[in-house]
Asks: 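Below you'll find the structure I mean.
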Amino acid sequence: MQELLDNLKELYALNGITLRNPSLAWAEVTPERLVGLLTQLRDAHGFTHLVLMTCVDWLEDGRFQVTYLLHNYTTRQDLGLHVYVGRTASELPSIHTLWEQGRVYQQELHEMFGIYFPGSPGLGEPMILESWDGPPPMRRDFDTRVYSEETYSHRQRTHHEPEQHMKDRLYPED
Amino acid sequence: MMRLQDILSPFYVWKRAFEKPFSIAVLSAPRPGSPTYRGFHQNDIDKCIGCGTCAEICQNVSIDMVPVKEAQDGDSGLRPRIDYGRCCWCALCVDICPTGSLTMSNAYTWVEEGLDRDVRETYCYTPGADPQPWDDEALGYRKPEGYELLHLERVPMPHLAPGERLNSFVEMVKGYSHELAVQEADRCIQCGICTATCPAHMNIPAYIKAIREDKIAEGLKILYETNPLPGVCGRICTRRCEDVCALSHRGEAISIRWLKRYLTDCASAEDYKALLESEIKPLDRKIAIIGAGPGGLSAAYYLAGMGYAVEIFEQNAAAGGMLRYGIPEYRLPYTKLDQDVAQIAALGVKFNYNACIGRDLSFDDLYNRFDAVFVSVGMFEPYRIGIPGDDNAKVISGLQLLSDVTNGVPVDLGRRVVVVGGGNVAMDAARTAKRLGCEVTVLYRRREVDMPADVEEIEEAREESVNFIFQAIPLEIKTADDGSLSFDWGKAEMVQQKPGERPQPILIEGSRENIAADTIIAAIGQGVNYLWMDGEASAKIELKKFRVQADRWGRTADTKIFIGGDMFNPTADAITAIADGHRSARAIDKMLNPPREN
């Protein structure tokens, strides 16, 4: 794995290569080189399976970290690739042409984080958030409580504080 | 053309009708939850005290406290109502419940008939009050043993050892350090059940919170809102608040009294001074207060704070009343009382000492010179034992001993002292005699459990080697040949005379024992002195069974005269007197300074 990554390092400007164990490695790649790298890994190096795509919101750094996890069935190795993209007007190349199911992950990341993948089929259709009008809810600056209070109607609370209630009942004049 | 398969295929489905279904019949044959399943709640509403801790800890705001019973001491009457649209079944409410009344059954199915109601009004009930099929379900989640979210044990208060106490009148309770106080304050769940029980309705949760957050000045301010003698109450309060503390149901009550003491002990002179900084607008009205005990001091503080010109008339040479002359220094150091009195005097209250109304001054004079009179003379007339020989000069009252010690009058009790009585005055007199080097025996008519004295005082008296004789009825006091006293008493048996009433001690026929004593101290209670009721002004006041009649604001039949303190309330403790003073101050203000229209 080390050898493979060393070979690819220069061509695809890989960064932060970490070999966690002989069958798992991580590396960073820029959005521009992502599709080329994935194509080469899939077609020339046996990483034929896209295990998942996921995203972490590094709010404080102002960027998203999108992760692509690949698997090689022959060597039983996993390779994770991180791509960083800014939190505003976030856009990444679509990979649905490499793996068809990438379309679903991209639809989800678009819905939950607001990342745009040009050309990805059905990207704007809701996955679970039907008639959602708020910001993407997995962004960490989304305030669940504020949104739910503004959006939904609530059962009226009938709560009494014990101390005040006892005053009202037992010694209202004092 | 139609194929044979098209005709037959529906029947392939039909054959499944005779096979075992794959689906589960949930409603017609429900599967029970596991024995410790966290299902719908159960609440023992007689055990529940409505403290609202379940609602407080609920992370989903799914619990509302709603009125179910009448509020009373130690029970808000509220009970938790749970909204299962919000509940996430985490069971924190069960785990923290201070009484252990809230549990969960293993029932988990809810069938709602019809949909004619707003959906937001269903799936919600008050366990224990709204009947449910699982009310008697024995299985379900209970708080596991050995796991506790509350701190049930009190932070112990450091005391002087019994041996160290006997040589001096040094205060025996040492007080909490900062660390211990914060630790103790941290146990409080802030439910506020205690506030209603405190006669002065002190904002206990608020000042405990101030201690926890180390905001001493703020805490002191909270104390003074309802109690101008916090330094005193932090030491000798009867602390009925602790009796109803939510934590006392499964553990030990918060040491509310010692926390109050901590606040006043560590507040600085600047903190006390800061309390006086708010500007008082003087009113052209004068109030006279008779008696500088807790009732009179409290009324004076609040009236002066409202802008009235207040004068106190006190028969003794110093302020405090029973606090000074009835409570020994090892329980309440005079410096602490002086500090509280000084704070009241700093508001401009004028103290007239050695001024006994009815002897040095007349009540009529006060009545005419002032716009209102608040009377709080206390109960300073000791009852006599009422047996032959009780007029002997060596038979003194407990109060006499205590006030002599306060005044620094030399007392000679001899070696053997017998104290008659079972209240706090009896304990204080016995322990004071013990500190003066005497051998002390307490004689009490009833059993130990019947003693009106504080349990702590009885325990401490025992630690100090005071002897007790229970169910002992005094018979006669004679003078022996050597000049000492010979005290005859008889053994009593406890007889239940009327069902529901407490048993009465009845002398066993022919029983007669004897104890030798050099001094006998009678501490069987005190009455009110009515010396102040001279002249014409007090004529309108109504007396019933030797007590002045007044409403809960201390208003007597004469609109200018108000009363409070031991002579008025049945509990006769400092905190009730303080509450009386505060209430009467407000009533006086209402009378003299009615709120203007618009």
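Values below: all heavy atoms of this structure, side chains included; hydrogens, waters and symmetry mates excluded. Proteins come first, then strands; the chains are lettered A, B, ... in the order of their sequence lines, and each starts at number 1.
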Asks: Please classify the contact of A/H165 with chain B as side chain, backbone, both or neither, using a heavy-atom distance under 4.5 Å.
Replies: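 For A/H165, side-chain heavy atoms alone lie under 4.5 Å from chain B.
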Asks: Would A/L5 and A/L79 satisfy side-chain contact (heavy atoms from CB on, under 4.5 Å), going step by step from the backbone distance to the final call?
Replies: CA-CA 10 Å; A/L5 290 168; A/L79 176 57; 4.1 Å; yes
Asks: Between A/D133 and A/Y147, do the side chains contain a donor N or O and an acceptor N or O under 3.5 Å apart?
Replies: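 Yes, side-chain donor-acceptor contact under 3.5 Å.
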Asks: Would you say the ring centroid of A/F47 lies under 6.0 angstrom from that of A/H71?
Replies: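 Judged by ring-centre distance (under 6.0 Å), A/F47 and A/H71 do not meet the cut-off.
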Asks: For A/R157, which atoms come within 4.5 Å of any heavy atom of chain B: side chain, backbone, both, or neither?
Replies: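 Both backbone and side chain.
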Asks: Salt bridge or not for A/D6 and A/K9, using N-O below 4.0 Å?
Replies: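 No, this pair does not count.
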Asks: For the pair B/R552 and A/E173, find out whether any cationic side-chain nitrogen is under 4.0 Å from an anionic carboxylate oxygen.
Replies: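 A salt bridge is present here (some side-chain N lies under 4.0 Å from a carboxylate O).
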Asks: Okay, side chain of B/D64, backbone of B/V66: is any donor-acceptor separation there less than 3.5 Å?
Replies: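 Absent.
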Asks: Using non-hydrogen atoms and a limit below 4.5 Å, what part of residues 187-200 of chain B faces chain A?
Replies: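 The residues closer than 4.5 Å to chain A, in numerical order, are B/C191, B/G192, B/I193, B/T195, B/A196.
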Asks: Is it true that the side chains of B/T576 and B/T571 contain a donor and an acceptor less than 3.5 Å apart?
Replies: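 Note: B/T576 and B/T571 side chains meet the donor-acceptor criterion.
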Asks: Any donor and acceptor pair, going by atom type alone, linking the side chain of B/N60 with main-chain N or O of B/S62 inside 3.5 Å?
Replies: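 No.
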Asks: So which part of B/I49 gets closer than 4.5 Å to some heavy atom of chain A, the side chain, the backbone, both or neither?
Replies: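 No part of it gets close to chain A.
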Asks: By a 4.5 Å heavy-atom criterion (distance strictly below it), what part of B/P80 contacts chain A: side chain, backbone, both, or neither?
Replies: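 Neither; nothing under 4.5 Å.
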Asks: Heavy atoms only, distances under 4.5 angstrom: which of B/A579, B/P67, B/G52, B/A55 has the most pairs with chain A? Name it, please.
Replies: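 Result: the option with the highest number of such pairs is B/P67.
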Asks: Identify which of A/L170, A/D174, A/D168 forms the greatest number of heavy-atom pairs closer than 4.5 Å to chain B.
Replies: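 The option with the most such pairs is A/D174.
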Asks: For chain B, which residues from residues 20-32 of chain A lie under 4.5 Å away (heavy-atom distances)?
Replies: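 The stretch does not come within 4.5 Å of chain B.
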Asks: With ring centroids as reference points, do B/W110 and B/Y123 lie under 6.0 angstrom apart?
Replies: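 They qualify: ring centres under 6.0 Å apart.
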Asks: Checking B/S101 against B/D44: is there a side-chain donor and acceptor pair closer than 3.5 Å?
Replies: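 The criterion, which ignores hydrogens and geometry beyond distance, is not satisfied for B/S101 and B/D44.
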Asks: Centres of the A/Y105 and A/H110 rings: under 6.0 Å?
Replies: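 Centroid separation for A/Y105 and A/H110: 6.0 Å or greater.
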Asks: Centres of the B/Y84 and B/W89 rings: under 6.0 Å?
Replies: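 Yes; B/W89 has its ring centre under 6.0 Å from that of B/Y84.
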